[in-house]
Amino acid sequence: MRAFVVLYILLFTHISRAASSSLSTSHRKRSHSLLSRGRSSRTIETTPPSFVSSAWFTSWHSSDFTLSDISWSKYTTLNYAVATTTTSVSTIGLTAEDKQLLPQFVQACKKNGVLAILSIGGWTGSRYFSTAVSTSTNRKAFAKAVMKVVLQYQLDGIDFDWEYPGRQGIGNNRVSKNDSANFLLFLQTLRLQNGAKNLVISAAVSMSVFTGSNGHPLSDVSGFAKVLSYIAIMNYDNFGPWSPVVGPNAALDDSCAPLQYQDGSAKSGVKAWTSAGFPADQIVLGVATYGHSYRVNPSNAYNASQQIHPYVPFNSTQQPSGDKWNPTTGVFDFWGLINAGFLNADGTPANGIDYDFDTCSQTPFVYNSKTDVMVSYDDATSFAAKGNYIKTAGLLGFAMWEAGGDSNDILLDAIRSAL
Ligand SMILES: *[C@@H]1O[C@H](CO)[C@@H](O)[C@H](O)[C@H]1NC(C)=O
Ligand SMILES: *[C@@H]1O[C@H](CO)[C@@H](O)[C@H](O)[C@H]1NC(C)=O
Ligand SMILES: *[C@@H]1O[C@H](CO)[C@@H](O)[C@H](O)[C@H]1NC(C)=O
C-alpha cells in the first residue's frame, strides 16, 4: 500500500500544504519559557492568530491560476508552495521560477492585507529535513537560513511541511529516530532568532502525531504547541487508488464507517493531536478541493436499492485519467469535475450522474455509469459540514489544498459561511 501511495502521490506532484495565520487577532499572548541548554532560560511571547482562513498557492499551477485569481478578501493567510530542503543546511531551495514569483506573491499578499507564508518541504522537498535538524550546529545554520529567506522575501511566516519526522514519506528522505525530538529543538532555536518572535511558524502534519524514537506517535507534543503558531492537519488522501476499495478522500468522521475502513478522518486526527496535548485552538483543518477517481463496474457500483455507495471494489488496472492538472493520477480538482461533466457549473451533480452523500464521512460520491467512473470528492455540503465542525470543536480555522482547485469559490464560500 505504501508503495502505491508513494507512486501516486509522487505523480500528483502533490506537495505541501500548510496553514497560516491571521489579521484579526484578539491578541491572546502566550508566554513561552524556552530552556536553552538547560541552563539559561529565555521567555518569548508570540501572538497566535485568532482565526485562520488559508490556502496553498502552487507555483506549478500559477500559469492557469494566477495571483490575481486568488480571492484575496476571503483569506487571512496564503501559503506559497513550495521551497525545498537541500543538501546544504544553509540553503533553502527555491527554483529560478520561485525567485521570480515569490516576490510577486508577497507583494500581492501585502497589498491585500493577507499574511504571506512560505511552505518548506512537501512530498518531494522533505528529503534533508532530518539532516538539517540533526545537530545543534545544523539547527543553528538551518534557523539562520530560514531567517535569511524570511528577511530577503519579507515573509510573515514559514510553514514546515516535513513529510514526515521519524518516518519515511516519498521513499528517499533521510529519516532518524531522533527526528521529532530534533525538530522540536530546531523550532525552539528558530523562535529565538532575531525577528522570529512574531513570525507565523506553522507545520503541516499528518493525521497521526509526530513519530517518536520508538516508532510510535509521541504521547506528548505540548512542547511543539509552545513554539508553533499552529499545525494544519492534512486530512486528505484517506483513500485513493492505492486503497482496497473506493472510500472517502477527506472524511469528516470515520468512527461510523465499517470497522475495516476506519482509515482516519478530521475528527480522528484532531482527537489524536489533542490527546497528545496539542490545543484545539492551535489546530487548523486541512481541507481538499480535489477528489480521487476509480473505475467501478456497474455490478459493484449499485446496491439493492439501485443507489451508489462507498466501500465498493474498483479495477485498479483501469485508472481513469483525472483533469488536466492530473492526467495520470486520476485526481479531479473541483473545477475538473465540472469540466468533465460530473457536476454542473454550480457544483451540483449533473443530469445522468449518480450521487450519494455518505452520512458518516459527510462527503459526496458521484458515478458516471457510461464510463464506469466513480469519484470521491468534496462539495459545498461537505465543506459546510467541515466548517461547522471547525466551529464546534473550537479549531483555529482551515487550510485549503489548493486555492486553484475551487470553482467560483463554491467550496471556499461554503466553509467560510459555516464559520
Ligand atoms: C539520538 O539522540 C541520542 C541522544 O542525544 C544520541 O545519543 C543518538 O546518537 C542519536 N541517534 C541518532 C540516530 O541520531
Ligand atoms: C443503498 O445505498 C444508499 C446510499 O448509501 C442507502 O441509503 C441505502 O439504504 C442502501 N440500500 C440498501 C438496500 O442497502
Ligand atoms: C480490470 O480491467 C482489466 C483491463 O481492462 C480487465 O482485463 C480485467 O478483467 C478487469 N478486472 C475486473 C475485476 O473487472
Side-chain angles (χ1 to χ4, degrees), residues 4 35-39 85 89 127-142 162 164-168 173-189 210-216 218 223 239 241-249 251-258 260-262 291 293-321 328 330 349 353-379 381-382 385:
F4 281 99
L35 292 174
S36 67
R37 298 171 179 280
R39 287 184 289 117
T85 58
V89 64
R127 193 165 176 185
Y128 303 105
F129 269 124
S130 183
T131 321
V133 302
S134 60
T135 64
S136 161
T137 308
N138 280 7
R139 288 190 285 273
K140 279 184 201 137
F142 191 41
W162 182 349
Y164 309 92
R167 66 188 167 91
Q168 189 52 262
N173 293 342
R174 305 284 161 81
V175 181
S176 157
K177 64 185 177 64
N178 290 355
D179 280 349
S180 294
N182 289 342
F183 189 28
L184 178 56
L185 291 173
F186 163 72
L187 291 170
Q188 292 169 341
T189 302
F210 292 141
T211 304
S213 57
N214 62 2
H216 295 294
L218 292 172
F239 282 80
W242 55 85
S243 302
V245 292
V246 176
N249 177 50
L252 176 56
D253 196 358
D254 65 328
S255 63
C256 36
Q260 69 270 38
Y261 301 132
Q262 296 185 1
S293 67
Y294 308 82
R295 191 85 57 182
V296 178
N297 194 288
S299 62
N300 290 322
Y302 298 101
N303 66 12
S305 39
Q306 290 304 302
Q307 285 176 284
I308 64 159
H309 58 119
Y311 310 116
V312 295
F314 63 95
N315 192 332
S316 58
T317 66
Q318 291 189 52
Q319 174 63 54
S321 48
T328 57
I353 297 292
D354 296 295
Y355 175 88
D356 176 43
F357 193 83
D358 174 42
T359 53
C360 176
S361 67
Q362 296 277 306
T363 61
F365 292 77
V366 282
Y367 183 61
N368 181 340
S369 58
K370 294 190 184 72
T371 56
D372 296 356
V373 176
M374 190 176 282
V375 187
S376 155
Y377 66 109
D378 270 89
D379 65 4
T381 309
S382 67

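Atoms within each ligand, like the ligands themselves, are counted from 1 in listed order.
- Distance remark: protein heavy atom not present below 4.0 angstrom from atom 4 (C) of ligand 1.
- Nearest to atom 2 (O) of ligand 1 by heavy atom, out of Asn182, Thr135, Asn178, Leu185, is Asn178.
- Between the side chain of Asn138 and the backbone N or O of Val89 there is no donor-acceptor pair closer than 3.5 Å.
- When distances from atom 7 (O) of ligand 3 to the protein are checked, no heavy atom turns up under 4.0 Å.
- At a heavy-atom distance under 4.0 Å, only backbone atoms of Ile308 (N, CA, C or O) approach ligand 2.
- Near Asp356, with a cut-off below 4.0 Å to any heavy atom, the atoms of ligand 2 are 4 (C), 5 (O).
- Distance check for atom 11 (N) of ligand 1: a protein heavy atom is found below 4.0 Å.
- Side chains of Ser176 and Asn178: no donor on one and acceptor on the other come within 3.5 Å.
- The atoms of ligand 2 that sit less than 4.0 Å from any heavy atom of Ser305 are 1 (C), 8 (C), 10 (C), 11 (N), 12 (C), 13 (C).
- Considering only non-hydrogen protein atoms, atom 13 (C) of ligand 1 sits nearest to Ser176 OG, 3.9 Å.
- Listed by atom number, the atoms of ligand 2 under 4.0 Å from Asn303 heavy atoms are 1 (C), 2 (O), 3 (C), 8 (C), 10 (C), 11 (N), 12 (C), 14 (O).
- Judged by the shortest distance from any of its heavy atoms, Asn297 lies outside the 4.0 Å radius around the atoms of ligand 3.
- Note: Phe129 and Phe186 fail the aromatic proximity criterion, with ring centroids not under 6.0 Å apart.
- No donor-acceptor pair under 3.5 Å is formed between the side chain of Thr363 and the backbone N or O of Ala251.
- Distance check: Ser136 OG to Asn182 CG gives 10.5 Å after rounding to the nearest 0.5 Å.
- Closest approach of Pro165 to Phe210, counting heavy atoms only: CG-CD2, 3.6 Å.
- Between Asp179 and Ser130, the side chains place a donor N or O and an acceptor N or O closer than 3.5 Å (distance only, hydrogens not considered).
- Close approach of ligand 3 to Thr317 is summarised as follows: ligand atoms under 4.0 Å from at least one heavy atom of the residue are 1 (C), 2 (O), 3 (C), 4 (C).
- Atoms CG and CD, on Asp378 and Gln362 in that order, are 10.5 Å from each other to the nearest 0.5 Å.
- With respect to atom 1 (C) of ligand 3, the closest heavy atom belonging to the protein is Asn315 ND2, 1.4 Å.
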